[in-house]
Amino acid sequence: MSSEEILHQDFIRTIIDEDLKSGKHDKIVTRFPPEPNGYLHIGHAKSICLNFGISKEHADARCHLRFDDTNPSKEEQEYVNAIQEDVRWLGFDWGEHLYYASDYFDRIYEYAEHLIQQGKAFVCDLSAAEMREYRGTLTEAGKNSPFRERSPEENLDLFRRMRDGEFADGSRVLRAKIDMSSGNINMRDPVLYRILRASHHRTGDKWCIYPMYDFTHPISDAQEGITHSLCTLEFADHRPLYDWTLDNLPAPCHPRQIEFARLNLNYTVVSKRKLLQLVNDGFVSGWNDPRMPTISGIRRRGYPAAAIRSFCDKIGIAKNESTVDVALLEHCVREELNETAPRVMGVLEPLKVVITNFPENKELELSAQNHPQKPELGTRPLHFTRELYIEKSDFMEEPPNKFFRLGPGREVRFRYAFFITCNEVIKDESTGEVIELRCTYDPETLGGSAPDGRKVKGTIHWVSANHSVKAEVRLYDRLFTEENPGADKEGADFKSFVNPESLTILTDCCVENSLNTADPGSQFQFERQGYFCVDQLDSKPNALVFNRTVTLRDTWAKVQNR
RNA sequence: UGGGGCGUCGUCAAGCGGUAAGACACAAGACUUUGACUCUUGCAUUCGUAGGUUCGAAUCCUGCCGCCCCAGCCA
């Protein structure tokens with residue numbers, strides 16, 4: 001939590017501070033402008049934290065949420081709703097400032113006519129293919145369109161008829177008249193309006209022409225009084241057009257566009273197109289599959305919003321192309337959950353233990369702390385009985401050096417209970433698998449320490465056979481086996497790098513009784529194992545489903561792997 | 001061969017002419033009724049590279065090298 005208070009300075013905030021200091025602006029206005037054609041992902045979170053974050057750092061500032069809905073053929077109301085939910089969940093609030101680029105369609109249209117009247121835009125009849133030819137290449141200048149010199153009167157007439165639906169889709173466009181020989185292809189008479197007969201989710205069938213992003217965005221920003229228009233690096237080439245547009249229109253103000261590097265994460269893909277493929281091809285269960293880097297997936301996985309904010313703060317804002325290590329994201333998640341998640345015991349792969357010197361019908365109530373570092377979070381009762389379950393991996397018949405857990409003849413501590421000694425190992429006769437341990441407990445060690453001062457190196461978790469409930473636990477691992485799955489190396493498709501072990505479902509788990517009534521979405525630390533949350537969609541009392549959010553750090557596993 | 005952007009530790013990232021912050025990762029150790037947490041320590045004589053300017057350069061200048069983006073009537 002204190003990590004969120006440490007605000008990292010970056011080049012954008014420096015510019016903003018200077019603009020405030022010089023008096024260029026006395027109030028900062030930013031905006032987050034998603035296109036409602038997909039779900040938000042961790043990359044968007046970076047932009048959200050930047051834009052909304054800046055607005056929170058200045059008393060008078062605000063940040064608008066604006067849907068960039070200029071292409072009705074790709075956009076849907078479903079996404080509009082999901083995006084709002086995600087931004088809110090991340091902890092941000094746009095107040096009254098919810099806008100749609102489509103709110104400005106009338107104004108944008110007027111501005112287009114203004115450009116035509118100034119002789120700075122023309123209607124072009126070239127087909128898409130012809131226009132591509134005329135555009136030239138990266139190294140060769142383009143050629144002027146044969147329609148470039150139409151009179152303002154003719155252009156105005158044609159443009160109005162475009163609006164009125166007289167022409168077929170794609171038959172004509174409105175173009176800015178800038179410079180076909182520019183080294184910047186965006187300045188080679190870019191298209192401003194296209195004819196597109198598609199129903200818009202907001203404006204319905206009012207329009208059959210729609211403005212392009214490059215024309216819409218600067219106008220929308222200016223309309224809202226945005227001071228700093230922050231976007232990703234690939235839009236740097238569009239800045240001259242952004243500026244040209246506002247310079248040639250009677251716009252109320254001229255926001256400054258500043259570009260920063262988008263977020264890349266190793267072992268994951270962060271591209272709407274690729275995420276959509278994973279969903280459509282059934283590699284995941286949906287946009288909110290807990291393995292997805294979408295905000296909704298992450299939320300369902302159990303990542304706290306505060307951890308995402310902390311992560312965005314830690315990665316910083318710069319112009320370097322960068323790929324952040326997912327380990328940093330996981331660190332932020334553990335850091336947050338360590339503070340907030342109550343501790344509980346759950347056995348993922350149960351091995352039966354019978355305490356031979358403990359009476360059959362006896363139940364001993366013990367007390368366990370909900371958070372060892374936070375006594376104020378209280379305690380909960382635990383029941384010790386003759387039959388218990390421990391983790392299969394906490395027993396080894398032939399323990400290697402430094403293995404602190406249970407083995408034949410060994411004594412360990414059962415957390416919050418007693419010292420237990422393993423006396424007998426029972427195996428399945430046909431498979432040889434260990435199926436039960438016969439142990440004794442030392443009643444003198446109640447609470448976990450021995451009056452005679454003897455020490456025990458290992459402490460393991462356990463659950464009472466008749467004070468636990470069965471649960472399904474979904475173990476998640478990284479979705480890709482390759483560090484950079486999107487790299488297309490040797491022509492391999494990124495989908496061929498999907499980790500076949502990214503999901504392991506365990507159906508035979510036993511968790512403390514108290515979890516039966518836990519709220520969907522609530523988060524716990526299963527001691528010694530990791531952080532888990534109650535699945536929002538699939539979990540029901542007596543049919544519990546937990547998602548493993550992230551494991552605990554495991555130095556023992558590291559030692560073993562050496 | 002056009003235009004734009006970028007090169008500081010394994011990964012992010014400060015630094016803005018005065019002698020390389022911090023975080024993650026990694027390593028070693030302490031503590032521990034979670035092999036968790038926490039704590040301590042270590043981890044760039046060097047900033048893509050070659051020159052130049054300067055008492056002094058990651059910071060200024062020049063050349064070179066490398067990487068990313070742009071030829072949608074997508075955003």
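Note on naming: letters A, B, ... go to the chains in the order of the sequence lines (proteins, then strands), and numbering restarts at 1 for each one.
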| Partner residues of A:Lys143 under the salt bridge (Lys or Arg N to Asp or Glu O under 4.0 Å) criterion, sequence neighbours left out | none

| For B:G35, does OP1 or OP2 lie under 4.0 Å from any side-chain N or O of A:Arg415? | no

| field | Verify stack between A:Tyr213 ring and B:A75 base, 5.5 Å, 30 degrees | value | no

| said: Counting the benzene-type ring for Trp, do A:Phe532 and A:Phe546 have ring centres under 6.0 Å apart? | reply: no

| request: Specify the separation, in whole Å, of atom CG of A:Leu552 and atom P of B:A36. | output: 8 Å

| query | Considering only side-chain heavy atoms of A:Arg528, which listed nucleotide, B:C12, B:G35, B:C73, is closest? | reply | B:G35

| query | Does a side-chain N or O from A:Arg132 land closer than 4.0 Å to OP1 or OP2 of B:C73, or not? | reply | no

| query | Looking at B:G35, does its base get a donor-acceptor pair with the side chain of A:Arg405 below 3.5 Å? | reply | yes

| said: Can you see if the side chain of A:Arg334 gets near the phosphate of B:A36 - specifically, an N or O under 4.0 Å from OP1 or OP2? | reply: no

Can you give me the N/O atom pairs linking the protein to nucleotides 27-32 of chain B at distances under 3.5 Å, or say none if there are none?
unit_1, atom_1, unit_2, atom_2, d
B:A27, OP1, A:Arg562, NH2, 3.3

Please produce a list of atom pairs where a protein N or O lies less than 3.5 Å from an N or O of nucleotides 66-70 of chain B.
unit_1, atom_1, unit_2, atom_2, d
B:C68, O2', A:Glu321, OE2, 3.0

| C1'-based separation of B:G17 from B:C60 [nearest Å] | 8 Å

| task | Determine the interatomic distance between P on B:U32 and the same-named atom on B:A25; round to the nearest Å. | result | 24 Å

| request: Sticking with atom P, work out how far B:G56 lies from B:G63, rounded to a whole angstrom. | output: 23 Å

| said: Please confirm whether the ring centroid of A:Tyr79 lies under 6.0 Å from the ring centroid of A:Tyr39. | reply: yes

| said: What is the separation between atom OH on A:Tyr267 and atom P on B:U11, rounded to the nearest whole Å? | reply: 13 Å

| Rounding to the closest angstrom, what is the interatomic distance between B:C47 and B:A21 at atom C1'? | 14 Å

| Roughly how many Å is it from CD in A:Glu330 to P in B:C37, rounded to a whole number? | 13 Å

| note | Separation of B:U34 atom C1' from A:Glu339 atom CD, nearest Å, is 16 Å

| said: Holding to side chain to side chain donor-acceptor pair (under 3.5 Å), I want the full list of residues that pass it with A:Ser449, two or more places apart in sequence or in another chain. | reply: none

| task | Quick one: list whatever passes side chain to side chain donor-acceptor pair (under 3.5 Å) with A:Arg553, sequence neighbours left out. | result | none

| field | Nucleotide B:G72, atom P - distance to CZ of A:Arg273 in whole Å | value | 16 Å

| field | Residue pair A:Tyr100 / A:Pro36, side-chain heavy-atom distance below 4.5 Å | value | no

| Length of the line joining A:Phe311:CZ and B:A25:P, which is rounded to integer Å | 13 Å

| message | Side chains of A:Arg239 and A:Phe235, heavy atoms from C-beta outward: is any pair under 4.5 Å? | response | no

| note | Nearest heavy-atom contact between A:Pro304 and A:Val333 is CD-CG1, 4.1 Å

| request: State the syn/anti category of B:G72 according to its glycosidic angle, syn meaning within 90° of 0. | output: syn

| request: Whole angstrom is fine here: how far is it from CD in A:Gln525 over to P in B:A36? | output: 11 Å

| query | Mind checking the P distance from B:G66 to B:A50? Whole angstroms is fine. | reply | 15 Å

| Just to confirm, is there a sub-4.0 Å distance from OP1 or OP2 of B:A36 to any side-chain nitrogen or oxygen of A:Thr555? | yes

| field | Set of residues satisfying salt bridge (Lys or Arg N to Asp or Glu O under 4.0 Å) with respect to A:Asp68, sequence neighbours excluded | value | none

| message | Between A:Thr245 and A:Leu241 (side chain of the first, backbone of the second, donor and acceptor by atom type, cut-off under 3.5 Å), is there such a pair? | response | yes

| Among B:C74, B:U8, B:G35, the nucleotide that comes nearest once only the side chain of A:Lys74 is considered | B:C74

| Between A:His461 and B:U34, is there a side-chain N or O to OP1/OP2 distance below 4.0 Å? | no

| request: Determine: side-chain N/O of A:Asn320 to OP1/OP2 of B:A13, distance under 4.0 Å, yes or no. | output: yes

| query | Between A:Ser127 and B:C73, is there a side-chain N or O to OP1/OP2 distance below 4.0 Å? | reply | no

| said: Any side-chain N or O of A:Ser322 below 4.0 angstrom from OP1/OP2 of B:A13? | reply: yes

| Heavy-atom distance under 4.5 Å between the side chains of A:Cys533 and A:Tyr531, does that happen here? | no

